[in-house]
Each structure stands twice: as structure tokens, then as C-alpha cells.
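Data first, discussion second: the structure below is written as C-alpha cells.
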Amino acid sequence: MEIVDENWHTPRPTIKERISFMFNKDHLSDVKFVVFDGDGENESRQMIPAHKFILAISSPVFEAMFYGKLVETGHTIELPDCDYESLLELFRYMYSDEVNLSGSNVMKVLYLAKKCMVPSLANKCVKYVFEHLDASNVFNVLPCAQKYDEKLLVDKCWKVIDEDAEAAMKSESFATIDRSLLEAVVERNTLDIAELELFNRLMEWATKKFEEQGIVADGQQKRRILGERVIKSIHFPIMTEDEFSFVLRSGILRLGEVIFKADINSVENRPVGFPKTKRSSRFKRC
């Protein structure tokens, strides 16, 4: 246990300074939060000391927990849904009105700010994400923004995806998105990306899903994991002959669809089952 000078009050004349000094200290603490970082054999148990009164005046959730009808009487509280760094930053803000945000913790801190009903901290997190949002992280941010109902942030994410679709779909985070989000991306007619490039990124997404299972997949297996909604949203008819030949070699299309493609120039109004128009990006290349 750390030792605190008995005269620690003297050099800190304001209440803000004294409360800030108590952050993450055992001195006068009456509750400890336990979090688990890592997983399996590498999981570590870490503890953060806190003061019920300070947490209660900062969050209605903690006020209800410590002073409400169903009072939490234990001196140790386990939190399985957060990590050490993000909880520490939540408490830092409650003790000092300051927070150290980074790309690795901001969405987790936002989650805790929403959960504990600390809107001023949530606003700081959203502002940080707005200022640092780009193609490299947009697919990390968008699912969280949708989950937390941050409409302005969601709109900003879609703008980044539309304007820099190729870079966004080459990012590591693109491979981790679920199929429902993948469908929403491919169905956008405002993406600034060549159709063959989009097709290649979708093939990589499917390939990585199978690699996680140790499977080398063929074209039809990739089609199944992508789903018909994704396949039917690809604008195959606008591809050049060489580009479409590449698609054929992938084995992802069926025989009827290949015949339709061959007919497209001779029978103009015959449906081919795929969008025939170019995507109209709102972003104009220089």
C-alpha cells in the first residue's frame, strides 16, 4: 500500500486539487474495482481503488449503486465488460475533469461514459473520434457509432467510406466487419471505387473468413459466405471485358449469370440480375 504524507492537504488549497490527488490511490478509498485484461492463460487481474462519494457525484449510475435502494455493499466489484485502461480513464475524468484519449481506448471509454451516464465525457470521446477519423480506422469506429446511436458520427463515417472507399476497404479493420455491415457498404451507390477493386476487396474479406477456419475456399464457397445480397449489389455489367474475364476465373458467378453478361450488348433491356449503372461518387477526383 502506498504511503501518503499526512500533510498532503497543505500544498493543495482547492477542492479540485485535493480530489485529483485522490485518483487511483488507496488512501481513504472505500471500494475497489477488479478488471481482467487479456484472455486465457495471459489474462491478468488488476485492481483500481476508488471513493464511492466521488463516483456517486459524477454518475447517477454509481449514485444508485452506492446510495440507492439496492445498495452495493461489497468492497470489491468485478467488472467483466471493460479493461483496465478504459476504466482508469473514466475515473480520471471523474476525479479531475481530464482524460487521456487515444485511438486504442477512445471507443471503450465512450462505451463506459454512455453506460455510466457521463455525457460530458461521451462528448469528448466523440469529438476526439471526429478529429482523428480516417480511412484506416473508419470500420473500427462505425459499428460502435451505430451501437451507441451517435448519428452525426455515423454520417461522418459513411462520408469517409464514400470518399476514400479503396483505402478504407484495404484497412485491417475491414476484414473484421460482419456481413450486415458489408452488405450496407456494397449497396452504396456513392462509393468512390472501381468496381473490380471493390470485387477484389470482397474476395479478400471472404478469403480471410475461411482462413480463420483453416479452409481454402473456392468461388462458390466464397459466394455463400458473402451472401446473395452482396453479390447482387456488384455492378458487373459496367466492367470491361478484361475485368469481367478476371471475375469469371474466380468461379463466383453461376452459368446463367455468365450468359446474361454475354447477352448484355445485344439485348439492351434484358435484365441481367446486377446493377448496370456506374456508382455516382459525391467525391470528384483531382
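Positions are given from 1 along the sequence. If you're wondering where the values come from, they're calculated on a predicted model, not measured in any experiment.
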How close do Phe274 and Ile234 get, heavy atom to heavy atom, and via which atoms?
CB-O, 3.6 Å
Do the non-hydrogen side-chain atoms of Tyr128 and Val109 ever get within less than 4.5 Å of each other?
no
Nearest non-hydrogen partners of Cys116 and Pro60, listed with the distance:
O-CD, 4.0 Å
More than 12 non-hydrogen atoms from neighbouring residues, nucleotides or ligands closer than 6.0 Å to CE on Met203, yes or no?
yes
Side-chain contact, heavy-atom cut-off 4.5 Å: Lys156 with Val138?
no
side-chain hydrogen bond (donor to acceptor under 3.5 Å, both in side chains) partners of Thr76, counting only residues at least two apart:
none
Quick one, Leu226 with Val186, criterion side chain to side chain contact (heavy atoms under 4.5 Å, CB included). Give me CA distance, side-chain angles, the key distance, then yes/no.
CA-CA 11 Å; Leu226 284 165; Val186 181; over 6 Å; no
For His132, does its backbone N or O pair with a side-chain atom of Asn137 as donor and acceptor, under 3.5 Å?
yes
Would you call Asp155 and Lys159 a salt bridge, taking side-chain N to carboxylate O under 4.0 Å as the test?
no
Any side-chain heavy atom of Glu98 within less than 4.5 Å of one from Ser20?
no
Looking at Glu195 and Arg279, is there a salt bridge between them, counting it only when a charged N and a carboxylate O are closer than 4.0 Å?
yes
What distance do Asn105 atom CG and Leu87 atom CG have between them, rounded to the nearest 0.5 Å?
12.0 Å
To the nearest 0.5 Å, what is the distance between CG (Leu90) and CG (Leu110)?
11.5 Å
Between Thr190 and Trp158, is the side chain to side chain contact (heavy atoms under 4.5 Å, CB included) condition met? List the steps.
CA-CA 10 Å; Thr190 46; Trp158 283 123; over 6 Å; no
NZ-OG1 distance between Lys222 and Thr207, expressed to the nearest 0.5 angstrom:
3.0 Å
Please tell me whether Leu253 and Ile225 are part of a single hydrophobic cluster in this structure, the criterion being side-chain heavy atoms less than 4.5 Å apart.
yes
Apply salt bridge (Lys or Arg N to Asp or Glu O under 4.0 Å) to Glu172 and list each qualifying residue two or more places apart in sequence or on a separate chain.
none
Nearest heavy-atom approach of Ala122 to Ala113 is N-CB, 3.7 Å
Here the pair of heavy atoms bringing Arg92 nearest to Val99 is CD-CA, 4.2 Å
Less than 4.5 Å apart, any side-chain heavy atom of Val126 and any of Tyr148?
no
Name all pairs fulfilling the side chain to side chain donor-acceptor pair (under 3.5 Å) condition that reach into residues 45-63, sequence neighbours left out, sorted by first residue then second.
Asp37-Gln46, His51-Tyr95
Rounded to the nearest 0.5 Å, what's the gap from CG on Leu88 to CZ on Phe23? Could you check?
4.0 Å
Could you tell me whether the side chain of Lys278 reaches within less than 4.5 Å of the side chain of His235, counting heavy atoms only?
no
How about Phe53: does its CZ atom have over 12 heavy atoms from other parts shown lying under 6.0 Å from it?
no
Any non-hydrogen side-chain atom of Asp192 less than 4.5 Å from a side-chain atom of Asp164?
no
Search all heavy atoms of Pro275 against all heavy atoms of Pro237 and return the closest pair with its distance.
O-CD, 3.2 Å
Which residues pass the salt bridge (Lys or Arg N to Asp or Glu O under 4.0 Å) test with Asp242, not counting sequence neighbours?
none
Taking a hydrophobic cluster as the set of Ile, Leu, Val, Met, Phe, Trp and Tyr residues connected by side-chain heavy atoms closer than 4.5 Å, whether directly or through intermediates, do Phe130 and Leu133 fall within one such cluster?
yes
In terms of hydrophobic clustering (I, L, V, M, F, W, Y; side-chain heavy atoms under 4.5 Å; direct or indirect links), are Met65 and Val35 co-clustered?
yes
Please name all residues satisfying ring pair (Phe, Tyr, Trp, His ring centres under 6.0 Å) with Phe33, sequence neighbours left out, ordered by chain then number.
Phe62, Phe91
Please tell me if the side chains of Trp8 and Arg18 come closer than 4.5 Å, counting only heavy atoms from C-beta onward.
yes
With a 3.5 Å cut-off and sequence neighbours excluded, list the donor-acceptor pairs that the side chains of residues 208-217 form with protein atoms.
unit_1 : atom_1 : unit_2 : atom_2 : d
Lys209 : NZ     : Ala175 : O      : 3.3
Gln213 : NE2    : Lys209 : O      : 3.4

May I ask whether Leu28 and Ile77 are part of the same hydrophobic cluster, defined by side-chain heavy atoms of I, L, V, M, F, W, Y residues being less than 4.5 angstrom apart, directly or through others?
yes
Criterion side chain to side chain contact (heavy atoms under 4.5 Å, CB included) on Leu101 and Cys125, from CA distance to verdict
CA-CA 7 Å; Leu101 297 175; Cys125 293; 4.1 Å; yes
What is the distance from atom SG of Cys157 to atom CG of Leu142, rounded to the nearest 0.5 Å?
5.0 Å
Take atom CG in Asp178; do more than 12 heavy atoms of anything else shown fall under 6.0 Å from it?
yes
Would the number of heavy atoms belonging to other residues, nucleotides or ligands and lying under 6.0 Å from CD of Glu131 be above 12?
yes
Heavy atoms of other groups near Lys124 NZ, more than 12 under 6.0 Å
no
Would Asn140 and Met107 count as a side chain to side chain contact (heavy atoms under 4.5 Å, CB included) here? Give the steps.
CA-CA 9 Å; Asn140 281 330; Met107 300 311 293; over 6 Å; no
How many angstroms lie between CD in Gln221 and CG in Asp218, if you round to the nearest 0.5 Å?
4.0 Å
Paired with Val141, the side-chain contact (heavy atoms from CB on, under 4.5 Å) test is passed by just one of Leu153, Val160, Asp134, namely Leu153
Measuring only between side-chain heavy atoms, which start at C-beta, is Cys82 closer than 4.5 Å to Lys115?
no
Met169 backbone acceptor or donor facing Trp205 side chain under 3.5 Å:
no
Same cluster or not: Leu55 versus Ile57, using hydrophobic residues (I, L, V, M, F, W, Y) connected whenever any side-chain heavy atoms lie under 4.5 Å apart?
yes
I need the minimum non-hydrogen distance between Phe236 and Ile231, along with the two atoms involved.
CE1-O, 3.9 Å
Relative to the ring of Phe199, is the ring of Phe246 parallel (under 30°), tilted (30 to 60°) or perpendicular (over 60°)?
perpendicular
Is it true that Glu187 and Arg229 have a side-chain N and a carboxylate O under 4.0 angstrom from each other?
yes
